[in-house]
Structures are given as structure tokens and as C-alpha cells.
Undergrad: 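Sending over a structure as C-alpha cells; questions will come in a sec.
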Amino acid sequence: MPDRYKSFSELAKEELSGRDFCIRVRVRHGAAVVIAPHGGGIEPGTSEIAEAIAGDDLSFYAFEGTKLTGNRALHITSTRFDEPECVALVTASPRAISVHGEESKRQVIFLGGRDEAILRRVRDSLIARGFSVETHNRASLQGCDRGNICNQGKSGYGVQLELSNGLRRSLFKSLSRTGRTCKTKRFGLFVAAVREGVL
């Protein structure tokens, strides 16, 4: 499904902050940033996961859809994601790790991005904990484009985690708004694995 909006400025003309979407930011100067540009109801579970990976020591950003229905309309693809607070935080950070939702029913993490060293560490850490890790067959979901928000940090190299619907469902009671408040043991295992690879 094509995006309704090609930029944040287009989106902001039609959608209302505080009603249709919200932005959450926590800055840790000099640290990597973990972002969920399609959080809340857009790609459910991604903002909760990104915030947990960030913990207390990494910066965190989430753009969250808060509509009762139709949050998919707020999706701006990663190569065009230009919300100003996100761009400012990412470009001031050494690197970015972006968390996204993918719709496969299988429980799988599709790793992407340009930071090969961290990708290897994250892949090894996830596999060691029993998670399935692959490279997506769609180039647009591989996070390698220099224009992708995950590659806009100071290093020019980032990490993109595309988490399948099946995997995200295994981390929460459900992907509903209330279901996401209840996390499974697997959630903690996943977060620990990613942090081990990133830090």
C-alpha cells in the first residue's frame, strides 16, 4: 500500500499532534539513538521495543500513531522520514538503530542497515538466544539506502530491525493497545540480545 504522505510537512497539514499522533523523545548526549518512526498503532509494538532497547543509556525517539483506527495512513517510508525532531536527534548521534514492523506470520527478524560490524554482533546475539534472523528479499526493507533515516547518524552507518508480525505477537500478550502493556518473557530475551549486539 503506497504512503498517503510523502513527507512530515504533508502529514502535519492533515493530522493533528496530540490527537492523531504523538512524538516521544529522550536524549542521551553522545549516545546512539534507537528510533521507532512507525510506532504506536502504525506498526504496533515497535515503539515499546525501541524504548526497551534504548533503556536508560541510549537516546530514544518514537513517532506514534494514536488514532482509534486507520493509523497506517501515518506511515512515511524510512527514506523520506523527515520529522524534524527525529532528524535532529539522529544526525547529532553517532549511529541510529531503527525498529520496524513487517507483516510476515513467521517469527523472524530481518536485519538491515549499513553498519556491518554491529549487524554481525546483533545477528550472532539473536541467534545465540534462539531467534530466527534473515535478510529480507525486498531491497526496500534492507535498510541500505543512504537516505534511510537509520543511516543518517554521524557515522553514515546504521542498523534496521524489521520485526515480523509473528515475532512481535510473541513479545506481547497481543498487539492491541492494551495487549502491548503486557510483555512476555521472550520480550526481555529479545531486548537483551539486541542490546548486547549494539553496546
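Start at 1 with the first residue, then count along the sequence. Just so you know, these numbers come straight off a predicted model, no measurement behind them.
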Undergrad: Side-chain donor-acceptor pairs under 3.5 Å in residues 137-146, sequence neighbours left out?
TA:
residue	atom	partner	partner atom	Å
Q142	NE2	H136	O	2.6
D145	OD1	G147	N	2.7

Undergrad: Hydrophobic clustering (ILVMFWY, side-chain heavy atoms < 4.5 Å, transitive) - are V33 and L119 grouped together?
TA: no
Undergrad: Does a side-chain N-to-carboxylate-O contact under 4.0 Å join D57 and R195?
TA: yes
Undergrad: By salt bridge (charged side-chain N to carboxylate O under 4.0 Å, His left out), which residues pair with D3, not counting sequence neighbours?
TA: R72, R80
Undergrad: Flag the pair E48 and K183 as a salt bridge only when some basic side-chain nitrogen lies within less than 4.0 angstrom of an acidic carboxylate oxygen.
TA: no
Undergrad: Can you tell whether the side chains of R26 and E51 come within less than 4.0 Å, N to carboxylate O?
TA: yes
Undergrad: Looking only at heavy atoms, what is the nearest atom pair of Q160 and E162, with distance?
TA: NE2-OE2, 3.3 Å
Undergrad: Show the atom names and distances, to 0.1 Å, of all donor-acceptor pairs under 3.5 Å that link a side chain in residues 86-94 to residues at least two apart or in another chain.
TA:
residue	atom	partner	partner atom	Å
T91	OG1	V87	O	2.7
T91	OG1	A88	O	3.3
S93	OG	L89	O	2.7

Undergrad: Roughly how far, to the nearest 0.5 Å, is CG of L163 from CZ of F131?
TA: 10.0 Å
Undergrad: Which distance, rounded to the nearest 0.5 Å, do you find between the SG of C182 and the CG of L171?
TA: 12.0 Å
Undergrad: Can we say E14 and R4 salt-bridge, meaning some charged N sits less than 4.0 Å from an Asp/Glu carboxylate O?
TA: no
Undergrad: Calculate, to the nearest 0.5 Å, the distance between atoms CD and OG1 belonging to E102 and T46 respectively.
TA: 13.0 Å
Undergrad: Any chance the rings of F8 and F81 have centres within less than 6.0 Å?
TA: no
Undergrad: Enter the distance from H38:NE2 to F63:CZ here, rounded to the nearest 0.5 Å.
TA: 8.5 Å
Undergrad: Measuring from atom SG of C150 to atom CZ of R95, what distance do you get when rounded to the nearest 0.5 angstrom?
TA: 12.0 Å
